[in-house]
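Excluded from the calculations below are hydrogen atoms, water molecules and symmetry mates; all remaining heavy atoms, backbone and side chain alike, are included.
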Amino acid sequence: MTHPIVQEALAWLESQVQQGNALASPDAVRSYLRLRLGHKPHEVFAVVFLNAHHQVIEIAELFRGTLTQTAVYPREVLIEALTRNAAAVILAHNHPSGAAQPSPADQALTRTLQQVLALVDVRVLDHFIVTRAGIYSFAEHGLL
């Protein structure tokens, strides 16, 4: 169960996102994703869909998994990006275990999504692995 203060903060941030006033910096995106995904007891794969000016179109939790894994279907991510007319995306998923390091499967999925989305000119700006304690950025570690 999410703490009421976290729920209130998320509700406020959601309203700011809808107005286009939030997530204007990488730190804001990190904080938001940590609030939204960091506490979940199961894996969730989310996508931040962005327009050509890198403004948020929508943030969607596309796949839900178990304690240790989530099935992510690149075709579905592609369809969702095209549906929203996204020019770029930020990928994110949580690790309930608390280990923020990407697995080989995480790295392979990121490469696959990059390749699939590039076919329709949608850039993957980053992929974050979110835990309660912190966030790992693929871009910051040279994996994108």
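- At a threshold of 4.5 Å between non-hydrogen side-chain atoms, the residues K40 and P96 do not count as touching.
- L35 and H39 make their closest contact through O-ND1, 3.3 Å (heavy atoms, listed as atom of the first residue, atom of the second, distance).
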key: Verdict with supporting geometry, L62 and E80, side-chain contact (heavy atoms from CB on, under 4.5 Å)   = CA-CA 9 Å; L62 298 183; E80 296 296 332; 3.9 Å; yes

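- Relative ring orientation between H141 and Y136 is described as parallel, the plane-to-plane angle staying below 30° on a 0-90° scale split at 30° and 60°.
- In this structure the side chain of F45 reaches within 4.5 angstrom of the side chain of V77, judged on heavy atoms.
- One finds the CG atom of L33 at 8.5 Å from the CZ atom of R36 (value rounded to the nearest 0.5 Å).
- With respect to V124, the side chain to side chain contact (heavy atoms under 4.5 Å, CB included) criterion is satisfied by exactly one of I90, V47, V89: V89.
- For N94 (side chain) and H42 (main-chain N/O), a donor-acceptor pair under 3.5 Å exists by modelled atom type.
- Interatomic distance, CD1 of I79 versus CG of L82, reported as 8.0 Å (0.5 Å rounding).
- A 4.5 Å side-chain heavy-atom check between P74 and Q115 finds every atom pair outside the cut-off.
- Each of Q101, H93, H127, R111 was scored for a side-chain hydrogen bond (donor to acceptor under 3.5 Å, both in side chains) with D106, with one residue passing: H93.
- D126 places a side-chain N or O within 3.5 Å of a backbone atom of A139 that can act as its donor or acceptor partner.
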task = Could you check I135 against I129 for side-chain contact (heavy atoms from CB on, under 4.5 Å), going step by step and ending with a plain yes or no?
result = CA-CA 6 Å; I135 293 184; I129 297 177; over 6 Å; no

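- Put simply, the side chain of L37 reaches to within 4.5 Å of the side chain of E61, judged on heavy atoms.
- With L78 as the partner, the side chain to side chain contact (heavy atoms under 4.5 Å, CB included) test is satisfied by one option alone out of L119, T83, V120: V120.
- R34 places a side-chain N or O within donor-acceptor distance of the main-chain N or O of R132, the cut-off being under 3.5 Å.
- Heavy atoms from other residues, nucleotides or ligands lying under 6.0 Å from CG of N51 number more than 12.
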task = Check step by step if side-chain contact (heavy atoms from CB on, under 4.5 Å) holds for T70 and V44.
result = CA-CA 7 Å; T70 302; V44 173; over 6 Å; no

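- Contact annotation: the side chain of I57 never approaches that of L50 to less than 4.5 Å [non-hydrogen atoms, C-beta and beyond].
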From CA spacing to verdict: side-chain contact (heavy atoms from CB on, under 4.5 Å), H95, E43 = CA-CA 6 Å; H95 279 180; E43 280 202 15; 3.7 Å; yes

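- Two residues are said to be in side-chain contact when any heavy atoms from C-beta on lie closer than 4.5 Å; F128 and V29 meet this criterion.
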